[in-house]
Amino acid sequence: MKVISPRIHGYFDFLTVFIFLLAPTLLGLEQLSAILAYSLAVVHLIVTLASDFPFGVVKLIPFAVHGWIERMVGPLLIAIPFILNFSDEEVARNFYIVMGIVIIVIGMLTDYRAEVRMRKVE
């Protein structure tokens, strides 16, 4: 069931950017995990602003593609502490696992085709 509209998804995207920006300070993330969090905040902001949905500014990326990007990012976030060898940092590992799960769940609940359907009606 797709209960999250593109507009609500946009709010979640900006919330995600802020969480990635604040996590290093609030959680005390160390070098690699902190740099990665800052980088992911920037990338997530760029993808959000470049997507074709209510919060997109440039609208280069179809919203369905935005969804596929998140479908890849979610599982990758879960795996990244193990791939980049910071799984022994409990807080960082748990942060990335939780963020990956949250992105997967939001992705499963988002209607990525709503914008296309709305345009066909107009």
Side-chain angles (χ1 to χ4, degrees):
M1 178 162 58
K2 306 293 184 179
V3 296
I4 298 175
S5 70
R7 177 167 297 286
I8 298 300
H9 185 96
Y11 291 120
F12 282 126
D13 278 346
F14 287 115
L15 179 61
T16 300
V17 169
F18 286 118
I19 289 170
F20 276 119
L21 283 175
L22 294 174
T25 302
L26 294 179
L27 301 176
L29 299 183
E30 296 180 22
Q31 297 171 347
L32 180 58
S33 57
I35 292 168
L36 182 60
Y38 291 131
S39 301
L40 287 168
V42 171
V43 170
H44 203 88
L45 181 61
I46 289 169
V47 169
T48 298
L49 295 176
S51 292
D52 189 8
F53 78 125
F55 289 99
V57 174
V58 184
K59 301 190 186 293
L60 294 174
I61 302 170
F63 193 48
V65 173
H66 177 112
W68 281 106
I69 292 168
E70 290 179 349
R71 285 180 185 100
M72 291 183 289
V73 168
L76 185 58
L77 286 174
I78 294 169
I80 209 79
F82 305 96
I83 293 169
L84 296 180
N85 283 334
F86 61 84
S87 61
D88 57 329
E89 297 174 33
E90 184 178 356
V91 172
R93 179 192 65 227
N94 293 344
F95 169 71
Y96 282 98
I97 289 172
V98 167
M99 289 302 293
I101 291 169
V102 167
I103 287 173
I104 290 168
V105 170
I106 290 173
M108 291 171 56
L109 296 175
T110 295
D111 186 354
Y112 289 103
R113 300 183 51 79
E115 289 296 302
V116 172
R117 284 195 306 277
M118 294 285 287
R119 288 193 186 112
K120 286 182 181 179
V121 171
E122 294 174 352

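Computed from a prediction, not measured in an experiment: that's the story for all the values here.
Taking CD1 of I69 as the reference point, atom CD1 of I61 lies at 4.5 Å (rounded to 0.5 Å). Between L49 atom CG and H44 atom NE2 the span is 10.0 Å, to the nearest 0.5 Å. Atoms CG and OG, from N94 and S87 in turn, are 10.5 Å apart once rounded to the nearest 0.5 Å. For the atom pair CG (L27) and CD (E89), the distance works out to 11.5 Å, reported to the nearest 0.5 Å. Atom-to-atom distance recorded for I83:CD1 and L76:CG is 5.5 Å, nearest 0.5 angstrom. Rounding to the nearest 0.5 angstrom, the gap separating the CG atom in L15 from the CD1 atom in I19 is 4.0 Å.
The hydrophobic cluster containing Y11 also contains V102, counting ILVMFWY residues as joined when their side-chain heavy atoms lie under 4.5 angstrom apart, directly or transitively. The hydrophobic cluster containing V58 does not contain I46, counting ILVMFWY residues as joined when their side-chain heavy atoms lie under 4.5 angstrom apart, directly or transitively. Under the 4.5 Å side-chain heavy-atom criterion for ILVMFWY residues, a single connected hydrophobic cluster contains both V17 and I101. Connection of L22 to L29 is not established within any shared hydrophobic cluster, with ILVMFWY side chains joined at heavy-atom distances below 4.5 Å, either directly or through further cluster members. Note: the hydrophobic cluster containing M72 does not contain I97 (ILVMFWY, side chain heavy atoms under 4.5 Å, direct or indirect links).
Side-chain atoms of H66 and T48, non-hydrogen and from C-beta on, do get closer than 4.5 Å to each other.
Nearest heavy-atom pair, G107 versus K2, reported as atom, atom and distance to 0.1 Å: O-NZ, 4.1 Å. The two atoms that bring L21 and Y38 nearest to each other are O-CE2, 3.4 Å, heavy atoms only.
For the side chain to side chain contact (heavy atoms under 4.5 Å, CB included) with M99, the qualifying choice from I78, L77, I104 is L77, the only one to do so.
Judged by the 6.0 Å and 45° rule, R113 forms no cation-pi pair with F63.
More than 12 heavy atoms of other residues, nucleotides or ligands lie within 6.0 Å of CZ in F14, so this atom counts as buried by the packing criterion.
Put simply, the side chain of Y96 gets close to the backbone of A37: a donor and an acceptor are under 3.5 Å apart. Under a 3.5 Å cut-off, the side chain of K59 and the backbone N or O of A50 do not form any donor-acceptor pair.
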Show your working on side chain to side chain contact (heavy atoms under 4.5 Å, CB included) between V47 and E70 and close with a plain yes or no.
CA-CA 10 Å; V47 169; E70 290 179 349; 6.0 Å; no
Please determine whether side chain to side chain contact (heavy atoms under 4.5 Å, CB included) holds for the pair F86 and I80, giving the CA-CA distance in whole Å, both sets of side-chain angles, and the decisive distance to 0.1 Å.
CA-CA 8 Å; F86 61 84; I80 209 79; 4.2 Å; yes
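Taking the centre of each ring, F53 and Y112 stay at or above the 6.0 Å mark. Centroid-to-centroid, the aromatic rings of F12 and F55 stay 6.0 Å apart or farther.
Take T110 and apply the side-chain hydrogen bond (donor to acceptor under 3.5 Å, both in side chains) test, not counting sequence neighbours, and it matches H9.
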